[in-house]
Engineer: 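Here it is: the structure, laid out below.
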Amino acid sequence: MPLNIVLIEPEIPNNTGNIGRLALASGSNLHLVKPFGFEITDARLKRAGLDYWQHLNLHYYDNIEDFLNKNKDANMVFLSSHGTQDHWDIAFEDNMFLVFGKESAGLPKAITENNKDKLFKIPLYSEHVRSLNLANAVSIVVYEGLRNLQ
């Protein structure tokens, strides 16, 4: 019942390292879509991922088009602060792809515009916060998915 965590153009190595550890702990696959805001050999990535990185089921893509072409038949949902549905309304399924955007800008507008029916958000209860840290957001959604699939 693995889930697929997809990071579109991640920028912060510590977040990606922590999400890698989360992917391994949750039995999820990790998909990383270039360009990255760091080198994959970055010490901060390795420190956050500790010695787990080599155990990940990890997939790399040259760009968004490469990812979408190689996974065109996949069941995907997209996470964005612009979503109109809450993450706990996702109809989680085995092998589902949970797609997250980069830290500074989120998902590209073309993706959010073309997938409005599959666009979900994590509710925020303060007007002083516009988004959550990417690693925290991925954790929330992945473990909600696991809870629903058990």
Engineer: Hey, are His55 and Asn57 close enough side-chain-wise for a donor-acceptor pair under 3.5 Å?
Structural biologist: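 There is no such pair (donor and acceptor under 3.5 Å, judged by atom type) between the side chains of Asn57 and His55.
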
Engineer: Using only atom types and a distance under 3.5 Å, with no angle test, would you say the side chain of Glu103 pairs donor to acceptor with the backbone of Pro10?
Structural biologist: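 Not confirmed, Glu103 side chain does not pair with Pro10 backbone.
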
Engineer: Can you find a heavy atom in the side chain of Ile64 that is under 4.5 Å from one in the side chain of Pro108?
Structural biologist: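 Contact flag for Ile64/Pro108 side chains = yes.
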
Engineer: Are Leu24 and Phe100 linked, directly or through other ILVMFWY residues, by side chains that come within less than 4.5 angstrom of each other?
Structural biologist: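 Same cluster.
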
Engineer: Does Leu98 share a hydrophobic cluster with Tyr60, counting links as ILVMFWY side-chain heavy atoms below 4.5 Å and allowing steps through other members?
Structural biologist: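 Yes, Leu98 and Tyr60 fall within the same hydrophobic cluster.
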
Engineer: Considering only heavy atoms from C-beta outward, does the side chain of Met96 approach that of Val77 to under 4.5 Å?
Structural biologist: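 A side-chain contact exists here, since the closest heavy-atom pair is under 4.5 Å.
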
Engineer: Rounded to the nearest 0.5 Å, what separation is found between the CD1 atom of Ile12 and the CG atom of Asn18?
Structural biologist: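 Ile12 atom CD1 to Asn18 atom CG measures 11.0 Å (nearest 0.5 Å).
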
Engineer: Same cluster for Val138 and Leu79 if Ile/Leu/Val/Met/Phe/Trp/Tyr side chains link at under 4.5 Å?
Structural biologist: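 Val138 clusters together with Leu79.
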
Engineer: If you take all heavy atoms of Pro2 and Gly27, which pair is closest and at what distance?
Structural biologist: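 Scanning both residues completely, I find the closest heavy atoms to be CB-O, 3.3 Å.
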
Engineer: Applying side-chain contact (heavy atoms from CB on, under 4.5 Å) to Arg147 and Phe92, what does each step give before you reach the verdict?
Structural biologist: CA-CA 9 Å; Arg147 186 184 72 77; Phe92 288 97; over 6 Å; no

Engineer: Is the backbone of Asp66 close enough, under 3.5 Å, to the side chain of Asn63 for a donor and an acceptor to pair up by distance?
Structural biologist: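 Between the backbone of Asp66 and the side chain of Asn63 there is a qualifying donor-acceptor contact (under 3.5 Å).
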
Engineer: Is it the case that over 12 heavy atoms from other parts of the model lie below 6.0 angstrom from the NE2 atom of His82?
Structural biologist: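 No, because the 6.0 Å sphere around NE2 of His82 holds 12 heavy atoms or fewer from other groups.
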
Engineer: Look at the side chain of Asn4 and the backbone N and O of Asn95, then say whether any donor-acceptor pair between them is shorter than 3.5 Å.
Structural biologist: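 Flag set: sc Asn4 to bb Asn95 pair under 3.5 Å.
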
Engineer: Strictly by modelled atom types, are Tyr61 and Asn71 linked by a side-chain donor-acceptor pair under 3.5 Å?
Structural biologist: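 Tyr61 vs Asn71: donor-acceptor pair found between side chains.
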
Engineer: Measure the spacing between CD of Glu93 and CG of Asn148 and express it to the nearest 0.5 Å.
Structural biologist: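 Answer rounded to 0.5 Å: 11.5 Å.
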
Engineer: Can you hop from Ile90 to Val142 via hydrophobic side chains spaced under 4.5 Å?
Structural biologist: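 Result: yes, single cluster for both.
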
Engineer: Can you check side-chain contact (heavy atoms from CB on, under 4.5 Å) on Ile122 and Val141, steps first, answer last?
Structural biologist: CA-CA 8 Å; Ile122 298 170; Val141 176; 3.9 Å; yes

Engineer: With sequence neighbours excluded, tell me which residues meet side-chain contact (heavy atoms from CB on, under 4.5 Å) with Asp89.
Structural biologist: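 Asp89 satisfies side-chain contact (heavy atoms from CB on, under 4.5 Å) with Asp86, Phe120 only.
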
Engineer: How about Ser104 and Glu11: do any of their side-chain heavy atoms sit closer than 4.5 Å?
Structural biologist: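 The answer is yes; the side chains approach within 4.5 Å.
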
Engineer: With a 4.5 Å cut-off on side-chain heavy atoms, are Gln85 and Lys121 touching?
Structural biologist: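 Contact flag for Lys121/Gln85 side chains = no.
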
Engineer: Apart from Tyr125 itself, what residues make up its hydrophobic cluster when side-chain heavy atoms of I, L, V, M, F, W and Y under 4.5 Å apart count as a link, directly or indirectly?
Structural biologist: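 Grouped by the 4.5 Å side-chain rule, Trp88 form the rest of the cluster around Tyr125.
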
Engineer: Can you list, pair by pair, the side-chain donor-acceptor contacts under 3.5 Å of residues 128-137, counting residues two or more places apart and other chains?
Structural biologist:
| residue | atom | partner | partner atom | Å |
| --- | --- | --- | --- | --- |
| Asn133 | OD1 | Ala135 | N | 2.8 |
| Asn133 | OD1 | Asn136 | N | 3.2 |
| Asn133 | ND2 | Asn15 | OD1 | 3.1 |

Engineer: Evaluate the side-chain contact (heavy atoms from CB on, under 4.5 Å) criterion for residues Leu119 and Thr84: first the C-alpha distance (whole Å), next the side-chain angles of each, then the deciding distance (0.1 Å), finally the verdict.
Structural biologist: CA-CA 7 Å; Leu119 194 62; Thr84 57; over 6 Å; no

Engineer: Could you report the tightest heavy-atom contact between Leu56 and Gly20, atom names first, then the distance?
Structural biologist: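 Scanning both residues, the minimum pair turns out to be CD2-O, 3.0 Å.
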
Engineer: Between Glu65 and Asn69, does a side chain to side chain donor-acceptor pair (under 3.5 Å) hold up when you go through it step by step?
Structural biologist: CA-CA 6 Å; Glu65 293 76 25; Asn69 287 334; over 6 Å; no

Engineer: Honestly curious: do Leu146 and Met76 fall in one hydrophobic cluster under the side-chain, below-4.5 Å linking rule?
Structural biologist: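 No; tracing contacts between hydrophobic side chains, which count when under 4.5 Å, never links both residues.
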
Engineer: For the residue pair Phe97 and His31, categorise the inter-ring angle as parallel (less than 30°), tilted (30 to 60°) or perpendicular (more than 60°).
Structural biologist: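 Ring orientation of Phe97 relative to His31: tilted.
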
Engineer: Less than 4.5 Å apart, side chain to side chain, heavy atoms only: is that true for Val6 and Phe67?
Structural biologist: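 Result yes, sub-4.5 Å side-chain heavy-atom pair found.
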
Engineer: Mind checking whether Leu30 and Ile19 have side chains closer than 4.5 Å, heavy atoms only?
Structural biologist: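 The answer is yes, as the side chains (C-beta and beyond) meet within the 4.5 Å cut-off.
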
Engineer: Can you find a pair of side-chain heavy atoms, one from Ser26 and one from Leu3, that are under 4.5 Å apart?
Structural biologist: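 Side-chain contact under 4.5 Å: no.
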
